[in-house]
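Working notes for the structure below.
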Amino acid sequence: MREITKQQLALRNGQDKPEIWIAFRGLIYEVTESRLWKSGKHYEHWAGQDLTEELADAPHTDQVFEKFSPIGRLI
Ligand code: HEM
């Protein structure tokens with residue numbers, strides 16, 4: 001699986017590059033096409049970073065990731 005650094009992830013925050021990525025439990029997910037992650041913002045959360053810990057704040061479970069295939073692994 002493609003290895004992605006924190007720096008590469010940080011640029012995919014919905015502001016600096018067209019792609020929007022988030023990291024969750026060591027894997028990178030692309031949410032560019034999601035209307036819920038427009039401009040990299042999802043409620044009070046920003047893309048381009050590891051949001052594993054923040055899932056506890058969400059009203060949903062990790063099931064929201066099931067429809068996405070990871071594009072890489074955070075190193
Ligand atoms: C205040 C915090 C949050 C709120 C209110 C929120 C709300 C929502 C809502 C309403 C949905 C629609 C689907 C559903 O409810 O099952 C959703 C989807 C999703 N959420 Fe959250 N969420 C929050 C935090 C997070 C965090 C921290 C993450 C990442 C760890 C996350 C990742 C996702 C993903 C990947 C989807 C699926 C998007 C899609 O299907 O296009 N959410 N969220």
Side-chain angles (χ1 to χ4, degrees):
M1 190 178 263
R2 177 178 173 192
E3 295 189 331
I4 294 170
T5 65
K6 267 180 113 166
Q7 289 79 5
Q8 288 171 319
L9 172 62
L11 288 171
R12 274 67 180 197
N13 59 358
Q15 306 287 310
D16 297 313
K17 285 187 181 278
E19 306 86 31
I20 306 176
W21 296 350
I22 56 180
F24 183 70
R25 294 187 187 147
L27 298 175
I28 308 286
Y29 295 87
E30 170 149 30
V31 293
T32 312
E33 300 298 325
S34 172
R35 59 175 179 86
L36 290 164
W37 285 89
K38 263 188 176 223
S39 308
K41 198 165 190 278
H42 181 71
Y43 300 89
E44 299 306 308
H45 301 276
W46 281 95
Q49 55 182 324
D50 185 349
L51 292 174
T52 307
E53 306 284 317
E54 278 84 344
L55 185 71
D57 303 335
H60 53 69
T61 66
D62 58 3
Q63 279 185 1
V64 292
F65 285 95
E66 282 175 4
K67 65 186 258 203
F68 297 94
S69 301
I71 60 156
R73 190 166 67 81
L74 182 63
I75 55 163

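In this text, all values refer to a predicted model and were calculated from it rather than measured experimentally. Each ligand, and each atom within it, is numbered from 1 in the order the structure gives. Sequence positions, counted from 1, serve as the residue numbers for this chain.
- Within ligand 1, the atoms closer than 4.0 Å to a non-hydrogen atom of Asp57 are 1 (C), 2 (C), numbered from 1 in the order shown.
- Going from atom CG of Leu74 over to atom CD of Gln49 covers 11.5 Å, rounded to the nearest 0.5 Å.
- Not a single donor-acceptor pair under 3.5 Å links the side chain of His42 to the backbone N or O of Trp37.
- The nearest protein atom to atom 16 (O) of ligand 1, hydrogens excluded, is given as Val64 CG1, 3.6 Å; this is a heavy-atom distance.
- Among all non-hydrogen protein atoms, the one lying nearest atom 9 (C) of ligand 1 is Tyr43 OH, 3.8 Å.
- Rounded to the nearest 0.5 Å, atoms CG (Asp57) and NE2 (His45) are 4.5 Å apart.
- Near Ser34, the atoms of ligand 1 lying under 4.0 angstrom from a non-hydrogen atom of the residue are 38 (C), 39 (C), 41 (O).
- A pairwise comparison of heavy atoms in Arg12 and Ala47 identifies O-CB, 4.0 Å as the closest pair.
- The closest approach between a heavy atom of Phe68 and any atom of ligand 1 is below 4.0 Å.
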Q: Assess whether side chain to side chain contact (heavy atoms under 4.5 Å, CB included) is satisfied between Trp21 and Ile71, documenting all intermediate values.
A: CA-CA 9 Å; Trp21 296 350; Ile71 60 156; 3.4 Å; yes
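- Closest to atom 25 (C) of ligand 1 among all protein heavy atoms lies His42 CD2, 3.4 Å.
- Backbone and side-chain nitrogen or oxygen atoms of Lys67 are examined, and one is located within less than 3.5 angstrom of a nitrogen or oxygen of ligand 1.
- With respect to atom 11 (C) of ligand 1, the closest heavy atom belonging to the protein is Leu36 CD1, 3.9 Å.
- Note on Asp50 versus Arg25: no salt bridge recorded, every NZ/NE/NH1/NH2 to OD/OE distance being 4.0 Å or above.
- Distance alone, capped at 3.5 Å, is enough to place a donor-acceptor pair between the Thr32 side chain and the Ile20 backbone.
- Here His60 meets the criterion, with an N, O or S atom under 2.8 Å of atom 21 (Fe) of ligand 1.
- Once rounded to the nearest 0.5 Å, the distance linking CD1 of Ile22 with OG1 of Thr52 reads 9.5 Å.
- The residue from Trp37, Trp46, Phe24 that puts a heavy atom closest to atom 28 (C) of ligand 1 is Trp37.
- Panel note: side chain Asp62, backbone Phe65; no donor-acceptor pair is recorded below 3.5 Å.
- At the top of the distance list for atom 4 (C) of ligand 1, counting protein heavy atoms only, stands Pro59 CD, 3.2 Å.
- Residue contacts with ligand 1 for Tyr29 are absent, since no atom lies close enough (heavy atoms, distance under 4.0 Å).
- For Glu54, no nitrogen or oxygen atom sits less than 3.5 Å from a nitrogen or oxygen atom of ligand 1, counting backbone and side chain alike.
- Contact between Glu30 and Phe68 at its shortest, heavy atoms only, is O-CD2, 3.5 Å.
- For atom 30 (C) of ligand 1, the closest heavy atom belonging to the protein is Leu51 O, 3.3 Å.
- Protein heavy atom closest to atom 24 (C) of ligand 1, with residue, atom name and distance, is Ala58 CB, 3.4 Å.
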